[in-house]
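These notes concern the structure reproduced below.
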Amino acid sequence: MAKKAAYMGMLTALAFVFSYIESLIPISIGIPGVKLGLANLVVIVALYTIGAKEAFTLSAIRIFLAGFTFGSPASMAYSLAGGMLSLLVMVSMKKSKLFSATGVSVLGGVSHNIGQILIAMLVVENAKLLYYLPALILSGTIAGIAVGILASILTKRLENLISSQ
């Protein structure tokens, strides 16, 4: 139990640091909401190494910490909507065993963007925000591939490290 708590603490801190780093990286392609998804790397590793409940907990804590520290209530709402939808999709797809970690990551990235667009549409009461969706799906796919490949590598190394102890 103590090892799991320490592991969760380490992953939470790492996800928080990645959120901060990501907030410093300016991605200016004219479309709001495009990000690298660095913190999602940690969430996917948690999903594959310790489980869905822990990944949900980690993601929620990271979103609230990042929102209170260097975000706003609006950014927290968008992140929470995207993050929770993303996790629901990733957990379902992992359980289905139809996708690799990279596929799960891509679906998570795309669903994160869909969740954010849906919240934005509710907030501004304008369905025309759907025009952003193709670009966000593309960015979510690209980021999801990169994050998924890294998550696969890290998960294998962590599993080897954990099993050797």
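Under the side chain to side chain contact (heavy atoms under 4.5 Å, CB included) test applied with Ser105, the options Ile149, Leu150, Val147 reduce to a single match, Val147. Under the side chain to side chain contact (heavy atoms under 4.5 Å, CB included) rule, Val43 has a single partner from Val45, Leu47, Asn40, which is Asn40.
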Verdict with supporting geometry, Phe99 and Lys94, side-chain contact (heavy atoms from CB on, under 4.5 Å): CA-CA 7 Å; Phe99 299 94; Lys94 179 182 179 274; over 6 Å; no
His112/Leu136 under side-chain contact (heavy atoms from CB on, under 4.5 Å): CA gap, chis, key distance, verdict: CA-CA 9 Å; His112 188 278; Leu136 289 174; over 6 Å; no
Verdict with reasoning, Leu154 to Thr49, per side-chain contact (heavy atoms from CB on, under 4.5 Å): CA-CA 10 Å; Leu154 288 172; Thr49 59; over 6 Å; no
Test log, rule side-chain contact (heavy atoms from CB on, under 4.5 Å), inputs Leu58 and Val42: CA-CA 9 Å; Leu58 173 105; Val42 181; 4.1 Å; yes
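Here the straight-line distance linking atom CG of Leu36 with atom CD1 of Ile142 works out to 11.0 Å at 0.5 Å rounding. Atom OG1 of Thr57 is separated from atom CG of Leu87 by 10.0 Å, given to the nearest 0.5 angstrom. In this structure, CG on Leu129 lies 12.0 Å from CD1 on Ile119, to the nearest 0.5 angstrom. Residue Ile117 holds its CD1 atom at 12.5 Å from OH of Tyr131, rounded to the nearest 0.5 Å.
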Considering only distance and modelled atom types, tabulate donor-acceptor pairs under 3.5 Å from the side chains of residues 13-20, sequence neighbours left out.
residue	atom	partner	partner atom	Å
Ser19	OG	Ala15	O	3.1
Ser19	OG	Arg62	NH1	3.0

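Contact annotation: the side chain of Phe56 never approaches that of Lys53 to less than 4.5 Å [non-hydrogen atoms, C-beta and beyond]. By the 4.5 Å heavy-atom criterion applied to side chains, Leu130 and Met121 are counted as neighbours. Within the 4.5 Å cutoff, no side-chain heavy atoms of Glu54 are placed close to those of Tyr7.
The hydrophobic cluster containing Tyr78 also contains Leu88, counting ILVMFWY residues as joined when their side-chain heavy atoms lie under 4.5 angstrom apart, directly or transitively. The same ILVMFWY cluster, assembled from side-chain heavy atoms under 4.5 Å apart, contains both Val123 and Ile114. Residues Leu118 and Leu133 share a single hydrophobic cluster, defined by chaining ILVMFWY side chains whose heavy atoms lie under 4.5 Å apart. Hydrophobic clustering (ILVMFWY, side-chain heavy atoms < 4.5 Å, transitive): Leu41 and Ile21 are in one cluster. Clustering ILVMFWY residues whenever any of their side-chain heavy atoms sit less than 4.5 angstrom apart, transitively, puts Met90 in the very cluster that holds Leu80.
Contact detail for Ser59 and Met84: the closest heavy-atom pair is OG-CE, 3.8 Å. The minimum heavy-atom distance linking Ser79 with Ile63 is given by the pair O-CD1, 3.4 Å. Here the closest non-hydrogen pair linking Gly115 and Ala81 is O-CB, 4.0 Å.
Checking Tyr48 against Ser152 by side-chain atom types alone, no donor-acceptor pair falls below 3.5 Å.
Formation of a donor-acceptor pair under 3.5 Å by the Glu22 side chain with backbone atoms of Leu38 is found in this model. Of the possible donor and acceptor atoms, one in the side chain of Ser75 sits under 3.5 Å from a partner among the backbone N and O of Ser72. For the pair Thr141 (side chain) and Ile137 (backbone), a donor-acceptor distance under 3.5 Å is present.
Applying the ring-ring contact (aromatic ring centres under 6.0 Å, His included) rule to Phe64 yields no partners; only residues at least two apart in sequence or on another chain are considered. Judged as a side-chain hydrogen bond (donor to acceptor under 3.5 Å, both in side chains), and not counting sequence neighbours, Lys156 has no contacts.
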